[in-house]
Amino acid sequence: MCGRYNLKTGSHELAAVFAALRGDQFHWEPRYNIAPTQPVVVVRLREDRQRELSLLRWGLVPSWAKDPARAASMINARSETVDTKPAFRAAFKRRRCLLPATGFYEWRQAGRSRQPVLIRLQQAEPFAFAGLWETWTDPAGGELETCTILTTAANGLLAGLHDRMPVILAPDDYEDWLTCPEPELPSLHRLWTPYSAKQMELVDVESYVNNVRNEGPECERPVSRGLFD
DNA sequence: CCAGACGTTGTT
DNA sequence: GTCTGG
DNA sequence: CCAGACGTTGTT
DNA sequence: GTCTGG
């Protein structure tokens, strides 16, 4: 679930919308087809508690992993168990983040094939997935920073596609998610409520988005329908 | 005590 | 079928 | 998430 | 890192 998304917002607007500083050499050009293992934008807290925009690899690698190659398998984390799973609980305590997005893609079973569907909010502004990040150090001392997107139960609109959906946070909850102190972590459960279906819309799009090498507005192009479809 | 394992989700 | 790469 | 690779031996 | 097995 939630294995592909887009972020059509540039660096400057991201910094404004999320009230975040741009980290070292942070730069982002609009993307229409973001896939696992690629660099993605996260908002996280610096030591001084200021928000910072960074680029991290999508697919969390636990700090104790021997080989980071399998990162693509941990692109999502179930919110219900994120506090106990060995791969996520450390990050949940101290390394929560936001992943800005403007839409995400799901694939609906359509007969023998799979139909890509774009899900977006009825707002122009980018929204935020709830995420976690982690640091992995290779034998030579090089550091790899990775992240994952939390999932929750699907709302009524998305239930037709899947039983899960990404956790989308309301702007008023950004600060709580990022700063909540450890003793109060259980109170964050309220943030994992499925996002309101009323503010979402689904668009069947062309299969162009299927291939991760494809990029650009064509990824959002609605499927053309014949008169009698 | 040490050694060694541990990944996750969502799909069918 | 299953794993890897993007 | 999807796309695409994945092969082994023995012989030349 | 933390838990399990020995």
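Only heavy atoms go into these numbers, but all of them, side chains included; no hydrogens, no water, no symmetry mates. In what follows, chains carry the letters A, B, and so on, assigned in the order in which the sequence lines appear, proteins first and then strands, with residues in each chain numbered from 1.
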If I pick the C1' atom on B/dT9 and the same atom on D/dC1, what distance separates them, to the nearest angstrom? 11 Å

Kindly state whether the pair A/Trp64 / B/dC6 counts as stacked, where counting means centroids closer than 5.5 Å and planes tilted less than 30° apart. yes

Students often get this wrong, so: under 4.0 angstrom with heavy atoms, is A/Val209 touching a base, only sugar-phosphate, or nothing? nothing

Is the shortest side-chain N/O distance from A/Gln38 to OP1 or OP2 of C/dG5 below 4.0 Å? no

Does A/Arg78 place a side-chain N or O at less than 4.0 Å from the phosphate oxygens OP1/OP2 of B/dG10? yes

Is there a side-chain contact between A/Asn76 and the phosphate of B/dT8, meaning an N or O under 4.0 Å from OP1 or OP2? no

Need the pair for B/dG4. Rule: Watson-Crick or G-U wobble, both distances under 3.5 Å, any strand; none if unpaired. E/dC3

Tell me whether the OP1 or OP2 atom of C/dT4 has a side-chain N or O from A/Thr37 closer than 4.0 Å. no

Can you find a side-chain donor-acceptor pair between A/Thr102 and A/Asn6 that sits under 3.5 Å? yes

Classify the ring geometry between A/Trp192 and A/His189 as parallel (under 30°), tilted (30 to 60°) or perpendicular (over 60°). tilted

When you measure from the side chain of A/Arg89, which nucleotide among B/dG7, D/dA3, E/dC3 comes out closest? E/dC3

OP1 or OP2 of E/dT2 less than 4.0 angstrom from a side-chain nitrogen or oxygen of A/Thr84, does that happen here? no

Among C/dG6, B/dT9, B/dC6, find the nucleotide with the atom closest to the side chain of A/Ala35. C/dG6

Expressed in whole Å, how much space separates the C1' atoms belonging to C/dG1 and D/dT11? 30 Å

When rounded to whole Å, the CH2 to P distance for the pair A/Trp136 and B/dC6 reads 18 Å

Under the salt bridge (Lys or Arg N to Asp or Glu O under 4.0 Å) rule, what do A/Arg44 and A/Glu145 come out as? Steps first, then yes or no, please. CA-CA 12 Å; A/Arg44 56 180 173 174; A/Glu145 293 187 314; 3.0 Å; yes

Which heavy atom in A/Val209 sits nearest to a heavy atom in A/Asn33, and how many Å separate them? O-ND2, 3.2 Å

Please state whether the phosphate of D/dG4, meaning OP1 or OP2, lies under 4.0 angstrom from any side-chain nitrogen or oxygen of A/Arg213. yes

Please evaluate the base of B/dG10 for a donor-acceptor partner in the side chain of A/Arg164 within a cut-off of under 3.5 Å? no

